[in-house]
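For ligands, and for the atoms within them, numbers begin at 1 and follow the listed sequence.
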Amino acid sequence: MNYLHEVRNQYENYPYPLRNPEDEKKRLLSTEDSFLERINHFCYAGKQNFNNFRALVAGGGTGSAAIFLAEQLRNRENSHVVYLDISRESMKIARQRAEIRGLTNITWVHGSILNLPELDLGAFDYINCVGVLHHLEDYHKGLQALGSVLAQDGCLGIMVYGRHARAPVYQMQSLMGLINGGETSMQERVENTKIILGSLPPSNFFKRHERDWLSEVEEYGDIGIYDLFLHSRDHGFDVIELYDWVEHCGFHLVEFIGPQFESRIGYEPQTFISHPGLLGKIAKLPSPHQQAIAELLSGLIQRHSFYLSRRKNTKALLDDLENVPFFFKSTPQGLAEEIQQRPGEKISLTSPDRISLQFMPSRFTAPIMRHIDGNNSLKIIFDRIRHELNRHELSDRELLADFRPIYEIFNRISWMLLRHTSVSPFPPAHLLQERVSRKYRQSPSAEE
Ligand SMILES: C[S@@+](CC[C@H](N)C(=O)[O-])C[C@H]1O[C@@H](n2cnc3c(N)ncnc32)[C@H](O)[C@@H]1O
């Protein structure tokens with residue numbers, strides 16, 4: 001097998017992230033890139049029905065992405081997930097989780113990403129590879145190996161670390177490298193790190209930022225300590241390097257999809273700069289340079305999460321009136337009524353990812369919002385508005401022009417997405433869990 005032995009050793013001893021298979025009886029964890037409705041909007045123009053769909057989870061760890069994808073694909077025809085990892089211990093935990101859920105649509109493969117071209121697993125429509133490629137000796141070879149098993153019109157959901165925002169962690173890794181230089185016991189390295197964490201003076205760079213990072217240690221204990229401070233291979237990317245890398249491997253970066261400011265909004269200079277003159281100058285720079293400015297300016301991007309495709313223009317477009325607009329993750333309650341009750345006033349909302357948003361409704365925002373129910377296409381919404389307002393002269397173009405800026409505000413933070421009307425709606429995660437929770441409620445013997 002083709003992998004770094006230190007890295008495998010780490011994940012055999014400290015499977016990441018810490019997961020208790022028993023928790024599957026109560027809840028389904030979602031992973032940001034793997035929502036089918038999101039993959040559909042960004043990578044398949046909203047038209048993927050996910051039948052005959054094959055997903056690969058490369059470096060699947062303790063299984064969250066494989067399980068979330070498999071749960072969503074359970075009721076699609078002839079669809080399947082392949083899990084791949086070099087760590088047998090991680091795979092054991094992932095399999096236990098899937099067994100508890102009664103999932104039978106996952107194939108388990110012990111192997112390395114770098115061996116994918118020879119593993120004979122077939123072609124995949126979607127590849128999830130989150131938190132893995134920055135741990136390879138050569139991340140170019142890693143991405144190329146993933147590309148070798150990607151269907152021609154397939155796409156990838158990738159997460160790699162952000163170099164700038166992770167600077168305090170990299171300083172700690174250098175410090176622990178010096179302290180642990182001759183230490184062969186992994187557990188001793190962890191114990192030394194705990195002593196150091198308790199000895200950091202207020203002036204220490206990591207200490208000054210520790211509240212951004214310690215949740216990992218609190219949640220995952222020794223596993224978190226190893227992953228954060230003791231990793232033998234951990235490469236952080238800045239935006240420019242990221243574009244060079246993916247383009248060199250033949251891919252087009254579709255969109256950034258991380259939570260909060262790790263989504264598109266965090267890569268836009270106008271999120272942080274309001275001076276029109278300076279913004280005008282920045283707008284003349286190539287797009288990756290603009291995004292690099294936002295990354296350095298905010299210091300908020302600890303992870304780059306994004307979709308890749310070989311094709312350009314894979315996003316669903318508002319111009320297709322057969323598309324159904326829908327709120328992703330949660331629908332703001334009473335929005336149409338609030339707009340109607342406060343004419344001429346700005347509306348303030350907080351997104352499911354806790355991003356504050358303010359917008360001035362336009363003429364038809366209230367009726368449009370009233371008809372967005374996850375089933376109505378834009379065509380149906382516009383027809384209903386014409387009928388209700390008795391304004392038959394209103395053209396689709398006028399209504400679309402009215403809605404577009406509002407849609408952009410929501411879509412920019414992934415709160416509103418599009419699905420083609422030919423594709424049936426996606427059940428929310430809590431409904432997917434209901435099947436499993438019911439099984440353990442109804443039959444306590446299944447708990448044994
Ligand atoms: C930080 S964990 C991430 C796990 C999972 N993707 C997640 O996001 O929860 C990295 C995983 O990548 C696996 N890994 C590292 N190098 C690999 C390789 N060359 N091929 C396959 N898996 C690898 C490790 O064993 C580990 O389970």
Side-chain angles (χ1 to χ4, degrees), residues 1-21 23 28-35 55-70 81-95 97-98 106-119 121 124 126-146 148-149 156-161 166 169 173 186 216-217 219-220 222-236 257-259 262 302-306:
M1 234 197 275
N2 202 350
Y3 56 82
L4 288 169
H5 287 270
E6 272 266 341
V7 171
R8 172 162 182 205
N9 213 8
Q10 172 184 337
Y11 289 112
E12 292 294 6
N13 286 283
Y14 301 97
Y16 184 95
L18 179 66
R19 293 285 174 242
N20 177 2
D23 291 341
L28 172 64
L29 286 183
S30 52
T31 51
E32 279 299 317
D33 67 288
S34 304
F35 286 91
L56 169 69
V57 180
T62 47
S64 295
I67 283 169
F68 186 44
L69 280 164
V81 177
V82 174
Y83 164 106
L84 173 82
D85 205 291
I86 51 169
S87 160
R88 282 201 186 276
E89 280 305 310
S90 301
M91 184 157 92
K92 204 160 104 187
I93 295 166
R95 288 188 84 146
R97 293 175 69 186
I106 308 177
T107 300
W108 305 94
V109 181
H110 178 235
S112 171
I113 287 170
L114 297 172
N115 290 117
L116 272 168
E118 305 99 68
L119 286 176
L121 297 173
F124 295 94
Y126 183 64
I127 300 179
N128 156 295
C129 190
V130 167
V132 185
L133 292 170
H134 47 227
H135 295 319
L136 300 193
E137 193 173 12
D138 183 337
Y139 44 82
H140 279 92
K141 281 192 185 152
L143 187 53
Q144 280 155 354
L146 294 178
S148 74
V149 292
L156 301 117
I158 305 279
M159 185 280 276
V160 290
Y161 289 145
R166 240 175 113 78
V169 170
Q173 288 185 4
M186 296 178 100
E216 173 104 355
V217 174
E219 213 178 317
Y220 301 149
D222 290 1
I223 292 175
I225 289 181
Y226 215 100
D227 216 67
L228 206 51
F229 306 118
L230 299 170
H231 216 294
S232 58
R233 177 71 190 169
D234 176 333
H235 179 85
I257 51 149
E262 289 171 0
Q302 296 174 357
R303 289 166 295 236
H304 299 287
S305 298
F306 49 90

S.K.: Please check if atom CD in Glu137 has more than 12 non-hydrogen atoms from other residues, nucleotides or ligands closer than 6.0 Å.
M.R.: no

S.K.: Please tell me whether Phe68 and Phe35 form a close aromatic pair, meaning their ring centres lie under 6.0 Å apart.
M.R.: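 Yes: the rings meet the under 6.0 Å criterion.
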
S.K.: Compute whether any side-chain donor of one residue and acceptor of the other, for Tyr83 and Asn128, lie under 3.5 angstrom apart.
M.R.: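 No, because no side-chain N or O of Tyr83 sits under 3.5 Å from a partner of the opposite role on Asn128.
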
S.K.: May I have a table of the N/O to N/O pairs between ligand 1 and the protein that fall below 3.5 Å, each row giving the two atom names and the distance to 0.1 Å?
M.R.:
residue: ligand 1; atom: 6 (N); partner: Gly59; partner atom: O; Å: 2.7
residue: ligand 1; atom: 6 (N); partner: Val130; partner atom: O; Å: 2.8
residue: ligand 1; atom: 8 (O); partner: Val130; partner atom: O; Å: 3.3
residue: ligand 1; atom: 19 (N); partner: Ser112; partner atom: OG; Å: 3.1
residue: ligand 1; atom: 20 (N); partner: Ile113; partner atom: N; Å: 2.9
residue: ligand 1; atom: 25 (O); partner: Asp85; partner atom: OD1; Å: 2.6
residue: ligand 1; atom: 27 (O); partner: Asp85; partner atom: OD1; Å: 3.3
residue: ligand 1; atom: 27 (O); partner: Asp85; partner atom: OD2; Å: 2.8

S.K.: Is any side-chain heavy atom of Tyr161 less than 4.5 Å from a side-chain heavy atom of Asp234?
M.R.: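 Yes, their side chains come closer than 4.5 Å.
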
S.K.: Are the side chain of Glu262 and the backbone N or O of Gln302 linked by a donor-acceptor pair below 3.5 Å?
M.R.: yes

S.K.: Closest heavy-atom contact between Leu4 and His135?
M.R.: CD1-O, 3.6 Å

